K.L.:
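Below: one structure in structure tokens.
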Amino acid sequence: VSETLPRIAIVGLGHRGLAVLERIAALAGRLHTPTDVLIVEPHELGVGVHWRDQPEYLWLNTVAGQATAFADADMVDGAPVLGGPTFVAWCREQGVILDGGMGGPRPVDVDDFVPRRVWGDYLAMAARHVLARLPRCVTVQIHMGEARQVQSAGGGRGAVVLLENGTEHRVDLAFVTTGHGIRSDRPVVAKDDDGLDCYPLPQTLDAIAPGQSVAVTGMGLTAFDVMAALTVGRGGQFVRVGDRFGYRASGEEPSIVLTSRTGHLPCARPGRPRTVPKPYGRIFTDQALAEARGGRSDGRLDFREDVLPLLRSEILERPLFAEQRRLAEVVLTTEPRWFDNAENYADAVVADAQLDVVEAVEGLEVSAFKEAMESLRDLRDRLRDVVLPPGLTEQGHRDFFKIIPGLANRAAVGPQLDRVRELLSLIDHGLVCLGPGPAPTVKRRDCDDHWTIASTRLREPCEVVVDHVVGAHLEWPRAIGGRDPLAMAMREWAAPHPADTRYLRLDIDGRAHQLDGQTADGVIVLGPPSEGSNYYNNYVMWPGARSSLLVGVDRVLRPLLGCAI
Ligand SMILES: Cc1cc2nc3c(=O)[nH]c(=O)nc-3n(C[C@H](O)[C@H](O)[C@H](O)COP(=O)(O)OP(=O)(O)OC[C@H]3O[C@@H](n4cnc5c(N)ncnc54)[C@H](O)[C@@H]3O)c2cc1C
């Protein structure tokens, strides 16, 4: 490592890696600290998983007003920033026009859902913007390729980054921001246990011919992407009359069987999205968590005894109408429920979705149900605190990650309201049907290439046979639409999490622990690969909202760049 210049590597320059580059530039620029940065990225800088060639009908699930690539002072506790346009400001500058439905085409507003491709364009612009505004003291070397290994240099001497061309780079700090892995150009392979891997859409679904049948395993955001690709992506059209949606088929669609473990659809994103975050609870508070920790000899929480009851009370102890309370209980249910028969199950799922749509139209501040559900989003930093040291018992940690991400996704990270209305119209139309009850088994048949989907939670058992299966549940950790060579290589030296060996063991700042018990001081893992060690790392940054990710990055950078702590 250089005696004079701090050297920092950023491995993977998607949204997260770009945020790290901005923090280096802003902090080094403030004190004119000469700094060398090595960026390693095989694809277009900034874009990451938000591919620019994806079809227009795949939307970002964050409203435009809650997304930015640039830190502002509020996001980093008043620290210096480089500055740049928020997503909405840039969309307006660029004249991005949305198909505004019956109101006609119009410019992007803060509460609009915008095609993910446009977000990818914005991220590409943001990378160019940051690189063009680097302070003179910061020099950047870009390696357009892959890192094969990142590990500690030993003895507190930083990290070594090994590239695919065989060169090794010694750095003081290496940020591993490899997100969802590397996009692959290889054709998708059908897997015996899980059917087709769905990303990148839509070409992964080419094997599904018009009129064939396909089971989609999962009812979350990925399933909604798959359904969009198999309907509007194949020339179908949704026709809107008032608040009702109809569907005009193109004839190119397959018939779709939608299945899931829990057996309920995620709640639609509510109207009137927050313009500023609301990170306070009434019952699930810092104080309540501190008291719960105080009651444990080692301060480690038991998830089911200490955390879940507080969260349930936060959601349920508010003036909800009987139907709202019933629906809230359904969302909170973590185990698949039993139903009499397939019809009975499908009717219940549709009725719940219709009720949720009514609440979503009323929106936040008006619907008590939607306010209750939004707690899972509002309080994500508090949920993050639950996991941070001293954290949870080992069983508590497993329970947390078994329950919370799925619950948060169902309650507060769901599809856009229109997407749920579209699904209801597809069910009405007969193109989509709900699989045989919650948690069905999916098995490839020996006799032919078909698949059997069999109920496990119906009193009158039921089976459905389909031509294809598409995996639409993103079991983490798993690369999306490609491969993740670095995640595999790091397993040679990085310690697994003691509670769950699928995850890495990281400290509060993302510093990796080694198998030999030492801490790899120079290796910081952020974003999706750090999920499971800590919580909620897969989100885009919200302008004006304190970002624990960025504040954490500053904490790591400051000593190296000579800034006051
Ligand atoms: C399909 C999809 C849709 C999503 N939509 C939303 C959304 O609407 N709203 C939201 O808040 N979040 C969304 N997310 C969550 C997502 O995690 C974040 O939005 C965010 O983009 C993640 O950024 P990242 O930089 O950590 O990872 P990525 O965007 O995955 O970027 C990682 C980068 O690292 C590179 N890389 C990987 N391995 C290597 C290596 N070995 N060497 C060099 N480079 C490497 C990759 O090429 C890539 O450019 C979505 C995720 C997916 C998968």
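Given the structure is predicted, the values throughout are model-derived calculations rather than measurements. Counting convention: from 1, in listed order, for ligands and their atoms alike.
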K.L.:
Both conditions, 6.0 Å and 45 degrees, for the charged tip of Arg419 above the ring of Trp59: are they met here?
P.N.:
yes
K.L.:
Are Arg398 and Asp500 close enough for a salt bridge, meaning some N to O gap below 4.0 Å?
P.N.:
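The answer is no: the pair does not qualify as a salt bridge.
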K.L.:
Heavy-atom contacts with Pro528 under 4.0 Å: which atoms of ligand 1 show up? List them by number with element.
P.N.:
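Selected atoms, number and element: 17 (O), 26 (O).
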K.L.:
Would you call Asp554-Arg23 a salt bridge at under 4.0 Å N-O?
P.N.:
yes
K.L.:
Has ligand 1 got any nitrogen or oxygen that is less than 3.5 angstrom from a nitrogen or oxygen of Asn61?
P.N.:
yes
K.L.:
Do the charged groups of Asp356 and Lys370 touch, with an N to O distance under 4.0 Å?
P.N.:
yes
K.L.:
So if I count the atoms of ligand 1 from 1 in the order they appear, which ones are less than 4.0 Å from some heavy atom of Gly145?
P.N.:
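Taking each heavy atom of Gly145 in turn, ligand 1 has 43 (C) under 4.0 Å.
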K.L.:
If the condition is side chain to side chain donor-acceptor pair (under 3.5 Å), which residues does Arg382 pass it with, not counting sequence neighbours?
P.N.:
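Residues passing side chain to side chain donor-acceptor pair (under 3.5 Å) with Arg382: Asp286.
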K.L.:
With heavy-atom distances below 4.0 Å as the criterion, list the atoms of ligand 1 near Leu486.
P.N.:
41 (N)
K.L.:
So is Asp225 polar-close to ligand 1, meaning N/O to N/O under 3.5 Å?
P.N.:
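In fact, backbone or side chain, Asp225 has no N or O that close.
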K.L.:
Among all protein heavy atoms in this structure, tell me which lies nearest to atom 23 (O) of ligand 1, with the distance rounded to 0.1 Å.
P.N.:
His15 CB, 3.8 Å
K.L.:
Can you report which non-hydrogen protein atom sits closest to atom 30 (O) of ligand 1, along with the distance?
P.N.:
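Ranking protein heavy atoms by distance from atom 30 (O) of ligand 1, first comes His180 N, 2.9 Å.
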K.L.:
Is the Phe70 to His129 ring centre distance short of 6.0 Å?
P.N.:
yes
K.L.:
Salt bridge between Glu146 and Arg148, side-chain N to carboxylate O under 4.0 Å?
P.N.:
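Salt bridge: yes.
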K.L.:
When the ring planes of His397 and Phe401 are compared, do they come out parallel, tilted or perpendicular, using 30° and 60° as the limits?
P.N.:
tilted
K.L.:
Answer yes or no: is there a donor N or O on one side and an acceptor on the other, between the side chain of Asp112 and the main chain of Ala64, under 3.5 Å?
P.N.:
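Pair absent, no side-chain N/O of Asp112 close to backbone of Ala64.
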K.L.:
Polar-atom distance check: His50 versus ligand 1, any N or O pair below 3.5 Å?
P.N.:
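In this structure, His50 places an N or O atom under 3.5 Å from an N or O of ligand 1.
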K.L.:
Under 4.0 Å from a heavy atom of Tyr539: which atoms of ligand 1 are those, numbered in the order shown and with their elements?
P.N.:
11 (O)
K.L.:
Which of the numbered atoms in ligand 1 are under 4.0 angstrom from any heavy atom belonging to Arg116?
P.N.:
1 (C), 3 (C), 5 (N)
K.L.:
Should you measure from each heavy atom of Thr177, which atoms of ligand 1 turn up under 4.0 Å away?
P.N.:
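Answer, ordered by atom number: 32 (C), 33 (C), 34 (O).
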K.L.:
Name the closest protein heavy atom to atom 42 (N) of ligand 1, giving the residue it belongs to and the distance to 0.1 Å.
P.N.:
Ala147 N, 2.9 Å
K.L.:
Just by distance, no angles: are the side chains of Thr519 and Asp521 close enough, under 3.5 Å, to form a donor-acceptor pair?
P.N.:
no
K.L.:
Would one find an N or O of Val11, backbone or side chain, under 3.5 Å from an N or O of ligand 1?
P.N.:
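N/O-N/O distance under 3.5 Å: no.
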K.L.:
If you draw the axis of the six-membered ring of Trp51, does the NZ or CZ of Arg117 fall within 45° of it and under 6.0 Å from the ring centre?
P.N.:
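Because its charged atom misses either the 6.0 Å distance or the 45° angle limit, Arg117 does not stack over Trp51.
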K.L.:
Considering Arg483, His143, Glu41 one by one, which has a heavy atom nearer to atom 35 (C) of ligand 1 than any of the others?
P.N.:
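Minimum heavy-atom distance to atom 35 (C) of ligand 1 goes to Glu41.
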K.L.:
For atom 34 (O) of ligand 1, what's the nearest protein heavy-atom neighbour? Residue, atom name and distance, please.
P.N.:
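Atom 34 (O) of ligand 1 sits closest to the protein heavy atom Gly12 CA, 3.2 Å.
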K.L.:
Output the list of atoms in ligand 1 that are nearer than 4.0 Å to some heavy atom of Gly179, sorted by atom number.
P.N.:
26 (O), 27 (O), 28 (P), 30 (O), 32 (C)
K.L.:
Please indicate whether any nitrogen or oxygen in Pro42 is less than 3.5 Å from any nitrogen or oxygen in ligand 1.
P.N.:
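No, there is no polar N/O contact under 3.5 Å.
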K.L.:
Which atom pairs, one a donor and one an acceptor, fall under 3.5 Å between side chains of residues 265-274 and the rest of the protein, sequence neighbours left out?
P.N.:
unit_1, atom_1, unit_2, atom_2, d
Arg269, NH1, Glu374, OE1, 3.2
Arg269, NH1, Ala412, O, 2.9
Arg269, NH2, Glu374, OE2, 2.9
Arg272, NE, Glu362, O, 2.8
Arg274, NE, Asp378, OD1, 3.0
Arg274, NH1, Glu371, OE2, 3.1
Arg274, NH2, Glu371, OE1, 3.0
Arg274, NH2, Asp378, OD2, 2.8

K.L.:
For Trp59, which part has a heavy atom under 4.0 Å from ligand 1: side chain, backbone, both, or neither?
P.N.:
neither
K.L.:
For atom 52 (C) of ligand 1, what is the nearest protein heavy atom, given as residue, atom name and distance?
P.N.:
Val49 CG1, 4.0 Å
K.L.:
Quick one: does Glu146 get an N or O within less than 3.5 Å of an N or O on ligand 1?
P.N.:
no
K.L.:
Hey, what do you get for CZ (Phe284) to CG (Leu383), rounding to the nearest 0.5 Å?
P.N.:
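Here the rounded value is 4.5 Å.
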K.L.:
Please check whether His43 reaches ligand 1 - meaning an N/O of the residue sits under 3.5 Å from an N/O of the ligand, judged on distance alone.
P.N.:
no
